[in-house]
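No experiment lies behind these values; they were computed from the predicted model shown. Only heavy atoms go into these numbers, but all of them, side chains included; no hydrogens, no water, no symmetry mates. Numbers restart at 1 for each chain; the letters A, B, ... are given by sequence-line order, proteins then strands.
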Protein chains: 2
Amino acid sequence: MSVSFNKRDPIYLQVIQHLKRLIVSGKLRPGEEMPSRRQLANDFKINPNTVQRAYSEMEEQRLIYTEPNRPSHITEDPAVLNQLKNEWLNKAMATFVSAIEPLDISLDELVPLLEEKLQKRK
Amino acid sequence: MSVSFNKRDPIYLQVIQHLKRLIVSGKLRPGEEMPSRRQLANDFKINPNTVQRAYSEMEEQRLIYTEPNRPSHITEDPAVLNQLKNEWLNKAMATFVSAIEPLDISLDELVPLLEEKLQKRK
DNA sequence: AGATGTGTATTACTCACTTAGTACACCTCT
DNA sequence: AGAGGTGTACTAAGTGAGTAATACACATCT
């Protein structure tokens, strides 16, 4: 895994964002075992407590579950996974709509520009 | 002006964002006089030094200009204003495209959803 | 039994940001 | 001339989120 953290946002939030993205995209599958706190911290060159904080929040959100003294696993609950995807999409759209709102531009003008940006991704 | 600051991001950045939005939307016009540091601080119930920091950064970006001992003014340089609008739009699109990328969804499916969100704004 | 690997808890430190207080030079209006 | 309004600069202190160091309990594997 290769990740680059920006210096402004808290690392633990960026870790959560990174992991959510992997779940949403399907690269982390339901029931799959998560890397241990220490392992991920080592990979990312950050403090294990920072990973712990990220995992804790994700556990509160039911995105992962943990049995005592065992590695954490991705949830298998479809409701939780669907909610994650829905929230991900809705937040993306809400942020976008709010950002372009002050601009004097229509959706029709926007679509070709978006299409171009999307193409460049592939 | 009514603004609500979130507690996570630095206030001075939120002030900049707020003012940029006003410029982009045309509610602050080129050449228009800005409220004084002390005035804006009073309006927002924040410290004048925080406003000063926001203004300083905006001056570095040439978005405002200040003659000695006079109130600051919005730039009248079309190049600077166009750059602001272009960056605003590009950043919005880049963020959106990046957020959407892990989702398995096409632009065709997206457009109606965006249209709905845009309608609700008005 | 011992070593190593889990998750978890507690405590302390760090640093960016914010606030506060003061001061100074200059302009404008009364 | 005087009062009050600009922008600017500097120092000091406070605040709180984020991060780091350390230790503990338990499981697994050799």
Side-chain angles (χ1 to χ4, degrees), chain A residues 1 3-20 22-23 28 31-76, chain B residues 1 3-20 22-23 28-77 80:
Chain A
M1 296 194 204
V3 193
S4 60
F5 295 126
N6 72 61
K7 201 183 167 183
R8 174 139 282 150
D9 300 321
I11 299 174
Y12 79 97
L13 288 181
Q14 297 183 59
V15 171
I16 293 175
Q17 196 68 4
H18 172 74
L19 294 174
K20 280 187 177 178
L22 291 180
I23 296 174
L28 280 178
E32 183 171 343
E33 185 171 297
M34 300 281 291
S36 80
R37 277 79 167 158
R38 291 171 179 84
Q39 180 60 51
L40 197 62
N42 192 55
D43 292 347
F44 290 167
K45 309 300 180 195
I46 60 180
N47 192 283
N49 289 328
T50 305
V51 179
Q52 164 64 6
R53 179 154 187 187
Y55 277 30
S56 280
E57 281 212 11
M58 291 182 71
E59 180 136 29
E60 278 186 15
Q61 296 171 28
R62 309 279 172 194
L63 290 171
I64 63 177
Y65 62 91
T66 315
E67 297 162 15
N69 307 307
R70 302 294 333 279
S72 299
H73 287 256
I74 304 285
T75 185
E76 300 167 13
Chain B
M1 297 196 207
V3 193
S4 61
F5 296 125
N6 71 62
K7 203 183 166 178
R8 171 142 285 147
D9 301 320
I11 299 174
Y12 78 98
L13 288 180
Q14 297 183 59
V15 171
I16 293 175
Q17 195 70 3
H18 172 74
L19 294 174
K20 281 187 176 177
L22 291 179
I23 296 174
L28 280 178
R29 300 188 160 277
E32 184 171 343
E33 186 170 297
M34 300 280 291
S36 79
R37 277 78 166 156
R38 292 171 177 87
Q39 181 61 50
L40 198 61
N42 192 55
D43 291 349
F44 290 168
K45 309 301 179 194
I46 60 180
N47 194 284
N49 291 328
T50 306
V51 179
Q52 165 65 6
R53 181 159 185 185
Y55 277 29
S56 281
E57 280 211 10
M58 290 182 71
E59 180 134 30
E60 278 186 15
Q61 296 170 29
R62 309 278 172 195
L63 291 171
I64 63 177
Y65 63 91
T66 314
E67 296 163 13
N69 308 306
R70 303 290 336 277
S72 299
H73 287 256
I74 304 287
T75 185
E76 300 168 13
D77 186 337
V80 173

In whole angstroms, how far is the [atom2] atom of [N] from the [atom1] atom of [X]?
| X | N | atom1 | atom2 | value |
| --- | --- | --- | --- | --- |
| A:Q14 | D:dT19 | CD | C1' | 14 Å |
| B:F5 | C:dC17 | CZ | P | 15 Å |
| A:I11 | C:dC15 | CD1 | P | 13 Å |
| A:I46 | D:dA21 | CD1 | C1' | 16 Å |
| B:E67 | D:dT8 | CD | P | 11 Å |
| B:L13 | C:dA16 | CG | P | 14 Å |
| A:L40 | C:dG5 | CG | P | 16 Å |
| A:Y12 | D:dT19 | OH | P | 8 Å |

Quick check on [N]: is either OP1 or OP2 less than 4.0 Å from any side-chain nitrogen or oxygen of [X]?
| X | N | answer |
| --- | --- | --- |
| A:S36 | C:dT6 | yes |
| B:R37 | D:dT8 | yes |
| A:Y55 | C:dG7 | no |
| B:R8 | D:dG18 | yes |
| B:Q52 | D:dG7 | no |

Going from [atom1] on [X] to [atom2] on [Y], what distance comes out if it is rounded to the nearest 0.5 angstrom?
| X | Y | atom1 | atom2 | answer |
| --- | --- | --- | --- | --- |
| A:Y55 | A:L40 | OH | CG | 4.5 Å |
| A:H18 | A:K20 | NE2 | NZ | 14.0 Å |
| A:M34 | A:T66 | CE | OG1 | 9.0 Å |
| A:N47 | A:N42 | CG | CG | 11.5 Å |
| B:Y65 | B:R70 | OH | CZ | 9.5 Å |
| A:T75 | A:R62 | OG1 | CZ | 9.0 Å |

Who pairs with [X] by side-chain hydrogen bond (donor to acceptor under 3.5 Å, both in side chains), at least two apart in sequence or on another chain?
| X | answer |
| --- | --- |
| B:D9 | B:N6 |
| A:Q52 | A:R37, A:S56 |
| B:E57 | none |

Would you tabulate the pairs of protein nitrogen or oxygen atoms and nucleotide nitrogen or oxygen atoms of nucleotides 27-30 of chain C closer than 3.5 angstrom?
none

Handout entry: Within-4.5 Å side-chain heavy-atom neighbours: A:M58 and A:I23
Key =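 Yes, close enough: below the 4.5 Å cut-off.
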
Exercise for the section: For residues B:I64 and B:L19, determine if any side-chain heavy atom of one lies less than 4.5 Å from a side-chain heavy atom of the other. Expected result: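 Side chain of B:I64 against side chain of B:L19, heavy atoms only: no contact under 4.5 Å found.
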
Each nucleotide N or O in nucleotides 10-16 of chain D that has a protein N or O under 3.5 Å away: list the pair and distance.
none

Handout entry: B:S72 and B:E59: side chain donor to acceptor below 3.5 Å
Key =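 Judged by distance alone, the side chains do not pair up.
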
Problem - Residue B:N47, side-chain atoms from C-beta onward, closest of D:dG7, C:dT8, C:dA20 - result: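 Out of D:dG7, C:dT8, C:dA20, the nucleotide with an atom closest to B:N47's side chain is C:dA20.
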
Practice task
Strictly below 4.0 Å, heavy-atom distances to any atom of DNA chain D: list the hits from residues 57-64 of chain A, or just say none.
Solution key: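 Listed by number, there are none.
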
Exercise for the section: Specify the residue among A:S72 and B:R38 whose closest nucleotide of DNA chain C lies further upstream toward the 5′ end. Expected result: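 Per heavy-atom nearest nucleotide, the more 5' residue is A:S72.
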
